[in-house]
Amino acid sequence: MIDRRLSIAPMMDHTDKHFRYLMRLLTKHSVLYTEMITTGALIHGNHKQFLDFNPEEHPIAIQLGGNSPKDLTKCAQMAENEGFDEVNLNIGCPSNRVQNGGFGAYLMAKKELVAECINSISNNIKIPVSIKTRIGIDNHDSFEFLEEFINVVSKAGCETFIIHARKAILQGLSPKENRKIPPLNYKRVYKIKENFPHLNIIINGGFTKLDQIKSQLKYVDGVMIGRAAYQNPFLLAKIDNLIFNSNETNETRRNILIKYKNYAEQQMRKGVNLRNLTRHLIGLYQGEPGARKYRQMLSGVVPKNNFHFFDEIIKTII
Ligand SMILES: Cc1cc2nc3c(=O)[nH]c(=O)nc-3n(C[C@H](O)[C@H](O)[C@H](O)COP(=O)(O)O)c2cc1C
């Protein structure tokens, strides 16, 4: 069974396998999510690349975007065969592209279709299916609306709901604004847990401090962290100890960097561009002396394939 007390959010263009590897150096126990992968991309694109992950990343969930029960089921089966631990369906993305495709947050208003998708997926794979959603969309923002959505979809076979505690506004706000402007409403998520005690309810949105994260576990089953994990990854260095009572990852920033360097060298030997590996490290020294110099080195010209680059950085930050 997956321990869901802590998870790292799906983030397009951010949570690729290299970032997830970095996360795993900091936290051994949290659940890691891929970026959203659309069913079209997985079925017609380079599926090997989309489904690729490092063995260290378990427990790992794939996030799918789509609205066809048949295609979602096919993609979920592909993910299960590749060894993913969970399939997550995106019912929270408000971008125009996703809306035009008829999936993401738009699907909150189509609970019967979501139930059909979940029913089909969960009847055809053995790994768990989860949903990541919002507390509402547009004018559908009452508690009763969310409650009914969860009621219908859970009966179709979904036991885990990750709820971003702000509604999505589908017209007039960019995805970035949609992560800031509608106010957070944590109480609504706590109330869902009260009304559905048998479901796993994971809260998401706005968590940046360790004590704040831990205190959520009084009300819900888990916490998902997005931007704070990307912008300040070292925040997570103490989290396994705090939440899982484990000392496995009580590392210094420098040790994390050395471990990531070893990984990066292996990846470069496989042809991965150095920049795709270093870009995830920019926040590692946030708030530390020398952080500016460190960031400048990482965001300056990074040669495609320089095996000494990390040594230079490590020398600079000591
Ligand atoms: C750059 C970026 C990309 C995102 N991409 C996705 C995505 O692919 N799927 C998804 O469900 N949410 C996505 N999100 C939303 C996050 O998963 C999360 O719900 C949101 O950032 C709120 O959590 P936070 O306040 O901890 O960042 C993205 C967020 C950011 C900042």
Side-chain angles (χ1 to χ4, degrees), residues 2-11 15 27 29-33 61 63 86 88-94 104-105 107-109 111 114 130-154 158-170 173-232 235-236 238-240 242-244:
I2 302 175
D3 186 336
R4 301 172 188 283
R5 280 177 284 176
L6 187 81
S7 49
I8 308 299
M11 287 181 280
T15 51
T27 157
H29 297 278
S30 57
V31 188
L32 304 179
Y33 282 75
Q63 187 185 62
E86 174 185 311
N88 176 267
L89 183 57
N90 182 325
I91 315 282
C93 179
L107 285 177
M108 269 203 100
K111 55 181 183 300
V114 177
S130 65
I131 276 193
K132 180 164 179 283
T133 191
R134 299 278 191 138
I135 53 172
I137 46 166
D138 295 334
N139 296 328
H140 302 294
D141 64 355
S142 64
F143 177 76
E144 290 70 28
F145 172 78
L146 179 63
E147 187 182 38
E148 185 54 11
F149 175 82
I150 291 188
N151 184 31
V152 170
V153 176
S154 62
C158 181
E159 293 178 355
T160 300
F161 290 83
I162 301 155
I163 308 179
H164 181 179
R166 55 163 60 89
K167 76 169 179 175
I169 296 174
L170 296 186
L173 287 191
S174 68
K176 195 169 177 191
E177 290 166 326
N178 255 306
R179 294 192 283 266
K180 252 187 342 217
I181 293 177
L184 286 159
N185 186 342
Y186 295 148
K187 286 201 177 132
R188 192 165 289 183
V189 183
Y190 305 157
K191 184 123 202 310
I192 289 291
K193 178 63 198 176
E194 265 173 51
N195 289 12
F196 298 92
H198 59 291
L199 298 179
N200 296 313
I201 303 295
I202 315 297
I203 196 165
N204 167 243
F207 298 110
T208 56
K209 297 202 170 57
L210 292 180
D211 50 350
Q212 186 196 21
I213 293 166
K214 177 146 195 195
S215 68
Q216 295 306 308
L217 298 176
K218 286 188 265 176
Y219 310 106
V220 287
D221 302 293
V223 186
M224 174 178 268
I225 307 170
R227 286 163 292 186
Y230 198 86
Q231 290 159 10
N232 180 18
L235 171 77
L236 301 168
K238 292 203 165 59
I239 207 132
D240 279 6
L242 186 75
I243 301 216
F244 303 99

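What you see below is based on every heavy atom in this structure, not just the backbone, and it leaves out hydrogens, waters and symmetry mates.
Under the 4.5 Å side-chain criterion, counting only non-hydrogen atoms from C-beta, S215 is in contact with K218. The shortest distance between side-chain heavy atoms of D141 and F145 does not fall below 4.5 Å. The side-chain heavy atoms of K167 and R188, taken from C-beta on, include no pair separated by under 4.5 Å. Using a 4.5 Å cut-off on side-chain heavy atoms (C-beta onward), N195 and F143 make contact. Using a 4.5 Å cut-off on side-chain heavy atoms (C-beta onward), L6 and I213 make contact. No side-chain heavy atom of C158 sits less than 4.5 Å from a side-chain heavy atom of I150. Between F196 and N151 there is a side-chain heavy-atom pair separated by less than 4.5 Å. Within the 4.5 Å cutoff, the side chain of T133 has heavy atoms near those of the F149 side chain.
How far CG of L146 is from CE of M108: 5.0 Å, rounded to the nearest 0.5 Å. Atom CZ of residue R5 and atom CG of residue L217 lie 7.5 Å apart, to the nearest 0.5 angstrom. R227 contributes atom CZ, which lies 9.5 Å from atom NZ of K176 (distance to the nearest 0.5 angstrom). Taking CD1 of I135 as the start and CD1 of I192 as the end, the distance is 10.0 Å to the nearest 0.5 Å. With rounding to the nearest 0.5 Å, the separation of NE2 in H140 from CG in L170 is 9.0 Å.
At distances below 3.5 Å, at least one donor-acceptor pair connects side-chain atoms of N90 with backbone N or O atoms of G92. In this structure, N178 contributes its side chain and I169 its backbone to a donor-acceptor pair below 3.5 Å.
In terms of heavy atoms, A105 sits closest to A168 at CB-CB, 4.0 Å. Contact detail for Q63 and P10: the closest heavy-atom pair is NE2-CG, 3.6 Å. Residues L199 and D221 come closest through the heavy atom pair O-OD2, 3.2 Å. Considering all non-hydrogen atoms of both residues, A165 and Y186 come closest at CB-CD2, 3.7 Å. The two residues S30 and I8 have their closest heavy-atom pair at OG-CG1, 4.0 Å. Residue I225 comes nearest to F207 through the heavy atom pair CG2-O, 3.9 Å, listed as atom of the first residue, atom of the second, then distance.
Because its NZ or CZ atom is not both nearer than 6.0 Å to the ring centre of Y219 and within 45° of the ring axis, K193 does not count as a cation-pi partner of that residue.
No side-chain N or O of E159 forms a donor-acceptor pair with one of N200 less than 3.5 Å apart.
Of the candidates N204, T160, I91, I202, N204 is the only one forming a side chain to side chain contact (heavy atoms under 4.5 Å, CB included) with K132.
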Criterion salt bridge (Lys or Arg N to Asp or Glu O under 4.0 Å) on E194 and K187, from CA distance to verdict: CA-CA 10 Å; E194 265 173 51; K187 286 201 177 132; over 6 Å; no
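Counting non-hydrogen atoms of neighbouring residues, nucleotides and ligands closer than 6.0 angstrom, the CD atom of E147 exceeds 12 such neighbours.
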